[in-house]
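Convention: sequence-line order gives letters A, B, ...; per-chain numbering from 1.
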Amino acid sequence: MPFLARPRKTHLLYAPFLFSLRPTHTRAFTKNVISITTATTSPEAYQNLGFLLRNCKTIDQLKQIHSLTIQKGLALDVSVYSKIISLCSTSRGGDMEYARHVFDKMLEPNVFLWNTMIKGYSRINCPNDAVSLYKEMLEKNVKPDNYTFPFLLKGFNRDISVECGKGIHGHICKFGFDCNEFVQHSMIHVYCLCGLINMARKVFDTSAKGDVIIWNTMISGHNKTGQFQESRKLFDEMEEKQVLPSLVTLVSVLSGCSELKDLDYGKRVHQYVKDGRIESNLTLNNSLINMYAACGQMNVALGIFCDMKDRDVISWTTIIKGFVSIGQVDQAREYFDLMPQRDSISWTAMIDGYLKMNQFKDVLLLFREMQAANVKPDGFTIVSILGACANLGALELGEWVRAYTEKYKIENDVYVGNSLINMYFKCGEVEKARMMFHKMPRKDKFTWTAMIVGLAINGHGREALNMFAYMLDALETPDEITYIGVLGACTHSGLVNEGRSFFISMTTKHGIEPNVVHYGCMVDLLGRAGQIKEAYKVIKDMPMKPNTIVWGALLGACRVHKDVEMAEKAAKQLLQLEPENGAVYVLLCNIYAACKKWDNLRDLRNIIMQRGIKKTPGCSLIEINGSVHEFVSGDKSHPQCQAIYLKLEEMTEDLKLAGYLPNTSEVFLDIGEEEKENAVNRHSEKLAIAFGLMSSSPGTVIRIVKNLRMCVDCHHVAKLLSKIYERKLIVRDRTRFHHFRQGSCSCKDYW
DNA sequence: TTAGGGTTAG
């Protein structure tokens, strides 16, 4: 600041400073500045200084006056220091370093100044500095007053609340401020921050509760910890005590209603607006839309949306989310296309809609549009995209997404990490999933569960169970889905006794009552191990009505172990639940064919024809150079169709040279043997393999995702091909992975 | 003190 070096030319150097003042102040300021520059330490100079300080509006003005007083050797009194410190601490462009500098020059700052400094640190979100200053204050025997604690606690974040919250509470009691309403309010805020909701509630319950803000804080605290019922109870209590809720109260309570999908209560809150007791604004209207949308009342939500004077991007996104939640993704898209502007949240809401409806290709298409629109994806978007990659088995794209998050420094939190683990497993990349897991700085229940499930479906049952043991060591609590993974690990590796004992311990050790899916796992476990009667007994004894998963598991076991009698029982039950389920007929046909029950097969085929039952077409996906190609059985729609069929012929020749005989035992069409061979030969996974072989360089892994179970013939062919062409083939079918290498499969032919 | 988005199975 050159003017400090040349004080005599003050009138010129101060020019920019003077221009920044409002016109009404200009004359007085000019006069006073000049009088300071000309006078010495006369009483008049001090008077002028007081005037200047009272009227200065910005930190810059203040600093200039301060430097001037130093120049002139004016001794400052406490009121001047106070003015400097409070302006630096509390104004918008404040300067805490400057405030601290001045503060440290003071011999015995009073409690007001300590408080002001603490308030300043809280305002700039430096709670650690505020706490050290508070400690310093105590060391210098300055007693805190009723302002100290609210100022101190206002700036607390979660970390420091956990670290010092309780200690500060002790001080509050010691200094006798535990009954001060403002202090109580701050305490509730801090306890809510660190999740100690019961402590917050204790403070709240002893407070006078006269002010609506304290109610709002408590309701918001309950919301943050997911205790929405408690929020509603408090709202009831407010009505009883005739405390008029504010707009904020209604927004918070509505948020709870949305979570609980409690339409009746939501309507009661809405009544406050309808009766004119609370005047609505944009936020409240958005909350109302969200509540009605969450409760599936899209017509009401749209009614409010249409009546609103102003709508923002949140209003639009809430409508989109509403349609997505009731599965009307096309309606959601209509509104999405109409939006005047979209941010990353709106894009993600729409992308997520496609993901929830299993429209994975639309997910990727919309993601490309999002990039073309120059909207930067964030962690939430990445999670959705990785979900689509996982479902499509699109490893290349998944890898690209990972590189993208690293390059653009998208927050790589536990959600993104979990999604990456899941994506790698669903693409059969076990090693990369493991690496991801070890790299994650924070792991949660979902991380462990993703590992257990992923290892299990990829055939590493033992490792999955070890992972479960580590999870318990890490004091992470398993949930019902973790146990589905654990039981699946036992099933896929044939660990029957372990499975039985886990089924018992999930209740005895973790209080998780098995649901219908867990019973399905047990039926699968026992059935695949050949204990079909025991499996049937599980179904008979289970406390709920068995569903299609349970009977389907039994039917699958009957196929593996060729148990016609039990298969018929299971199929009958399945068809009662889902008369149009083509897969059941197919499986039963497979079993009749495999057991050479030709009469039964013929009868069943007739029934299929009469009822017009359609089989779900087999469909295989393969990703080549970042594009996903889809094949159905006998597909001729691919642009490179001719070359694919040529490759298929070449493949068949090579297979026959290696001693391959087609296995048509699972073909139940009423056609000749040659046609059966033809049909088997055109299964979707064989077309995908042929395409993979011709489109990728030697030695690369071929990955395929199939919607149905692999047939015996395709499984056999894949094993042979892995040896003939020295290629690793990974096929993900409906329930598990097959890693084909050197002529054998990771499933040990047990699927 | 307030409104819109994400992870595990079948």
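A salt bridge links A:E239 with A:R268: at least one charged nitrogen is closer than 4.0 Å to a carboxylate oxygen.
For A:D362, the side chain to side chain donor-acceptor pair (under 3.5 Å) criterion is met by A:Q359, not counting sequence neighbours.
Comparing B:dG5, B:dA3, B:dT2 by their closest approach to the side chain of A:I314 singles out B:dA3. Among the nucleotides B:dA3, B:dG4, B:dG5, the one closest to any side-chain atom of A:T317 is B:dG4.
Side-chain contact of A:S315 with A:D312: a donor-acceptor pair under 3.5 Å is present, judged by distance alone.
When rounded to the nearest whole Å, the span between CZ of A:F323 and P of B:dG4 equals 18 Å. To the nearest angstrom, P of B:dT2 lies 15 Å from CG of A:L234. Distance CG (A:N290) to P (B:dT2): 15 Å, rounded to an integer number of Å. Atom pair A:F336:CZ and B:dG5:C1' shows a separation of 12 Å (rounding to whole Å applied). When rounded to the nearest whole Å, the span between CG of A:D312 and P of B:dT2 equals 17 Å. Here B:dT2 presents its C1' atom at 17 Å from OH of A:Y272, a figure rounded to the nearest Å. Spacing between atom CG of A:N223 and atom C1' of B:dG4 amounts to 16 Å, rounded to whole angstrom units. A straight line from CE of A:M339 to P of B:dG4 spans 14 Å, rounded to a whole angstrom.
Here A:L247 lies in heavy-atom contact (under 4.0 Å) with a base. The residue A:H185 sits apart from the nucleic acid: no heavy atom pair falls under 4.0 Å. Counting non-hydrogen atoms under 4.0 angstrom, A:D378 reaches a base of the nucleic acid.
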At a cut-off of 3.5 Å, list every protein nitrogen or oxygen paired with a nitrogen or oxygen from nucleotides 6-10 of chain B, distance to 0.1 Å.
{"unit_1": "B:dG6", "atom_1": "N1", "unit_2": "A:D413", "atom_2": "OD2", "d": "2.8"}
{"unit_1": "B:dG6", "atom_1": "N2", "unit_2": "A:D413", "atom_2": "OD1", "d": "3.0"}
{"unit_1": "B:dG6", "atom_1": "N2", "unit_2": "A:D413", "atom_2": "OD2", "d": "3.4"}
{"unit_1": "B:dT7", "atom_1": "O2", "unit_2": "A:N418", "atom_2": "ND2", "d": "2.4"}
{"unit_1": "B:dA9", "atom_1": "OP1", "unit_2": "A:K426", "atom_2": "NZ", "d": "2.9"}

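Paired with A:Y519 under the rule side chain to side chain contact (heavy atoms under 4.5 Å, CB included), one option of A:L487, A:D524, A:I549, A:V538 passes, and it is A:V538.
Looking at heavy atoms from C-beta onward, A:I385 lies out of side-chain contact with A:P377 at the 4.5 angstrom threshold.
A cation-pi geometry, defined here as NZ or CZ lying under 6.0 Å from the six-membered ring centre and within 45° of its normal, holds between A:K443 and A:F437.
Aromatic rings from A:F502 and A:F468 are positioned such that their centres are separated by under 6.0 Å.
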